[in-house]
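Just so it is clear, the values below take in all heavy atoms, side chains as well, and ignore hydrogens, waters and symmetry mates.
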Amino acid sequence: LALALKGISYDLVPVNLVKDGGQQFSAEFKALNPMQQVPALKIDGITLSQSLAIIHYLEETRPNPRLLPQDPKKRAQVRMIADHIVSGIQPLQNLSILKQIGEKKTEWAQNCIASGFQALEQILQHTAGRYCVGDEVSMADLCLAPQVANAERFKVDMGPYPTITRINKALLELEAFKISHPSRQPDTPPELRA
């Protein structure tokens, strides 16, 4: 999403998290990212992993369009929302966790997402404009849209989250969000394609 929003061209190298026991566990990928997680980005002679680290680097080296507001209070709100999602919701339904949960993985994921979305809905009622914080797309929105896609994948009832739903709908009207949606990636399995 950040690459698309900032108009940065890139070569995609898909890493199938299920095939062959998980391609992220290959020696080749482990050399790229010792945590054996996606994403990883090679750029400007360095390799970065972790979404927020990548977004922060892109923001510092390619500042337009901005993904962090100039106002310190709004910038703090953006970071808070992004951290809420990437630290408090998303990791709890990573494939590595779900494998350990076993048969109840869907129920586990739904509960983790619902719990996080209950808090996020309350936060967004105070920060949102058209998007997560005001009327400009920010790093928070880059975290929200993929998490909503994950919620939909796990069939989470989005009825209790009208603010999240409204913001996500507005984001999906933007070209960068359309082309970056998980259902539109070249390696998306046919049954999950848009």
Side-chain angles (χ1 to χ4, degrees), residues 1-8 10 37-39 41 48-94 97 109-185 188 194:
L1 274 169
L3 294 167
L5 279 168
K6 289 181 176 286
I8 302 168
Y10 59 93
Q37 298 173 337
V38 294
L41 177 68
L48 297 170
S49 60
Q50 299 299 331
S51 298
L52 291 185
I54 292 168
I55 294 168
H56 279 293
Y57 179 78
L58 294 175
E59 185 71 359
E60 291 168 2
T61 61
R62 294 146 177 92
N64 293 312
R66 288 188 149 285
L67 297 177
L68 285 169
Q70 288 187 308
D71 176 80
K73 291 177 183 175
K74 286 185 177 184
R75 193 166 51 244
Q77 290 174 324
V78 165
R79 288 180 171 139
M80 172 185 68
I81 293 164
D83 282 343
H84 180 86
I85 296 167
V86 303
S87 297
I89 304 173
Q90 193 275 332
L92 298 173
Q93 10 93 54
N94 265 351
I97 301 296
Q110 289 171 337
N111 289 337
C112 293
I113 295 167
S115 175
F117 275 11
Q118 286 169 13
L120 185 59
E121 180 70 19
Q122 289 178 28
I123 292 166
L124 292 173
Q125 288 172 4
H126 299 285
T127 64
R130 181 163 175 78
Y131 305 115
C132 285
V133 178
D135 295 325
E136 300 296 324
V137 173
S138 72
M139 180 172 65
D141 300 295
L142 274 65
C143 298
L144 180 73
Q147 185 56 65
V148 172
N150 219 25
E152 291 168 348
R153 183 169 68 96
F154 285 111
K155 300 183 180 7
V156 172
D157 176 12
M158 294 299 291
Y161 319 113
T163 310
I164 293 172
T165 300
R166 177 186 58 74
I167 293 168
N168 189 63
K169 183 178 178 187
L171 291 168
L172 292 178
E173 293 173 3
L174 303 173
E175 188 62 23
F177 284 82
K178 288 178 188 176
I179 65 171
S180 300
H181 194 275
S183 66
R184 292 197 169 101
Q185 299 312 300
T188 299

Are C143 and V86 side-chain neighbours, meaning at least one heavy-atom pair lies under 4.5 Å?
yes
Output for pair (Y10 OH, L41 CG), nearest 0.5 Å, gives 10.0 Å
Of all heavy-atom pairs between H84 and I123, which one has the smallest distance, and what is that distance?
ND1-CD1, 4.3 Å
I'd like to know if the side chain of Q125 and the backbone of T163 have a donor-acceptor N/O pair within less than 3.5 Å.
no
Atom of R166, atom of G129 and distance for their closest heavy-atom approach:
NH1-O, 2.9 Å
Rounded to the nearest 0.5 Å, the CD atom of E175 sits from the OG atom of S180 at a distance of 9.0 Å
To the nearest 0.5 Å, tell me how far L174 CG sits from L5 CG.
7.5 Å
Closest heavy-atom pair, V78 versus A140, reported as atoms and distance to 0.1 Å, is CG1-N, 3.6 Å
Would you say N168's side chain and V148's backbone share a donor-acceptor pair under 3.5 angstrom?
no
Looking at V133, is its backbone amide N or carbonyl O close enough to the side chain of K74 to form a donor-acceptor pair, meaning the two atoms are under 3.5 Å apart?
no
Restricting to side chain to side chain donor-acceptor pair (under 3.5 Å), what partner residues turn up for Q50, sequence neighbours left out?
Q37
Quick one: does P146's side chain get under 4.5 Å of L1's, heavy atoms only?
yes
Flag the pair L142 / L171 as yes when at least one side-chain heavy-atom distance between them is below 4.5 Å, and no otherwise.
no
Within a strict 4.5 Å, meaning less than it, do heavy atoms of the N150 and V156 side chains meet?
no
Could you verify whether a donor N or O on one side chain and an acceptor N or O on the other, from T127 and Q77, lie under 3.5 Å apart?
no
Any chance you could measure D141, atom CG, to I81, atom CD1, to the nearest 0.5 Å?
8.0 Å
Atom CZ in F117, atom CD in Q147: separation rounded to 0.5 Å?
5.0 Å
CD-CG distance between E60 and L58, expressed to the nearest 0.5 angstrom:
9.5 Å
Scanning both residues in full, the closest heavy-atom pair of A128 with I167 reads CB-CD1, 3.7 Å
Side-chain contact, heavy-atom cut-off 4.5 Å: C132 with L124?
yes
Residue pair V137 / R66, side-chain heavy-atom distance below 4.5 Å
no
Between S115 (side chain) and N111 (backbone), is there a donor-acceptor pair under 3.5 Å?
no
Is any side-chain heavy atom of R79 less than 4.5 Å from a side-chain heavy atom of M139?
yes
Which residues share a side chain to side chain donor-acceptor pair (under 3.5 Å) with R75, sequence neighbours left out:
none
Please tell me if the side chains of K178 and L172 come closer than 4.5 Å, counting only heavy atoms from C-beta onward.
no
Quick one: side chain to side chain donor-acceptor pair (under 3.5 Å) partners of Q110, sequence neighbours excluded?
none
Between the side chains of E59 and K6, is the shortest nitrogen-to-carboxylate-oxygen separation below 4.0 Å, so that they form an ion pair?
yes
Smallest separation among heavy atoms of A170 and Y131, with atom names:
CB-CE2, 3.9 Å
